[in-house]
Amino acid sequence: MASSFSLNSTIQLVILFALFSCLHFSIVTSSHEFQVGGLKGWVVPPSNDTDMYNVWASNNRFQIGDSIHFKYKKDSVMEVGKENYNDCNATQPTFFSNNGNTEFKLDHSGTFYFISGASGHCEKGQKMIVRVMIQDVHPKSSAYHVSVFPIGVFEIIFALGFVVSYLI
């Protein structure tokens, strides 16, 4: 029986199929981008709302891979340690940016502390604590996790067996 596929094309097809099949076993986490402070951005909060950034952060669920964007004018943003956060100490930041449109990637679970680097702004409440959730190894909900390729192991074995028998 003649075939329009060459042996090389068939091998390439098998390799491609195997690669897509492997994707079935990986879980893709969707990442999100958050605008710090919503429409207000990264500004000195009103004197009657000095906890606004922590309230904003606590109303969001941050995961590894998410990004937070700081939009501001004539200011800066710093990531600092807990002690420096509490004291509004801007002398030893682990991250600093003052470009007016800063993206910060949340690359691990845990707590991140941010303060303004502009003089007096942190003391007026321009600071924020972001808590990034630990990723669930066995997701119970598909709301945050998506299976990439809906094919099972038995289908893979069957298809590979079919291709091998075709080659023989």
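On a predicted model such as this, the values are computed, not experimentally measured, just so you know. We number each residue from 1, following the sequence as shown.
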Between [atom1] on residue [X] and [atom2] on residue [Y], distance to nearest 0.5 Å:
X	Y	atom1	atom2	value
N98	K73	CG	NZ	15.5 Å
M128	S116	CE	OG	11.5 Å
H121	I115	NE2	CD1	12.0 Å
N101	H69	CG	NE2	6.0 Å
E33	I68	CD	CD1	11.5 Å
T50	K127	OG1	NZ	9.0 Å

For this session: Would you name the heavy atoms of A57 and V130 that are closest together and state the gap between them?
Result: CB-CG2, 4.4 Å
Seminar exercise, completed: Here the pair of heavy atoms bringing S76 nearest to A118 is OG-N, 3.8 Å
For this session: Check each of F34, F96, F114, F62 against F104 using the ring-ring contact (aromatic ring centres under 6.0 Å, His included) test, and report the only one that passes.
Result: F114
Do [X] and [Y] share a hydrophobic cluster (ILVMFWY, side-chain heavy atoms under 4.5 Å, transitive)?
X	Y	value
I64	V36	yes
M52	Y113	no
Y72	Y85	no
L106	F95	yes

Problem set entry | Any M78 side-chain heavy atom under 4.5 Å of N84 side chain | no
Exercise. Side chains of V43 and Y53: closer than 4.5 Å at any heavy-atom pair?
Worked result: yes
For this session: Take N60 and H32 through the test side chain to side chain contact (heavy atoms under 4.5 Å, CB included) and record every step on the way to the result.
Result: CA-CA 11 Å; N60 290 290; H32 299 280; over 6 Å; no
Problem set entry | Test side chain to side chain contact (heavy atoms under 4.5 Å, CB included) applied to T111 and K82, step by step | CA-CA 9 Å; T111 306; K82 183 178 181 179; over 6 Å; no
Taking the side chain from [X] and the backbone from [Y], do they hold a donor-acceptor pair closer than 3.5 Å?
X	Y	value
D66	Q63	yes
S58	V55	yes
S97	T102	no

For this session: Would you please test V80 and F112 for side chain to side chain contact (heavy atoms under 4.5 Å, CB included) and show each step?
Result: CA-CA 8 Å; V80 296; F112 293 82; over 6 Å; no
Exercise. Side chains of T94 and E79: is there a donor and an acceptor less than 3.5 Å apart?
Worked result: yes
For this session: Please test W42 against Q126 for side chain to side chain contact (heavy atoms under 4.5 Å, CB included), starting from the C-alpha separation and ending with a verdict.
Result: CA-CA 7 Å; W42 185 242; Q126 193 176 354; 3.1 Å; yes
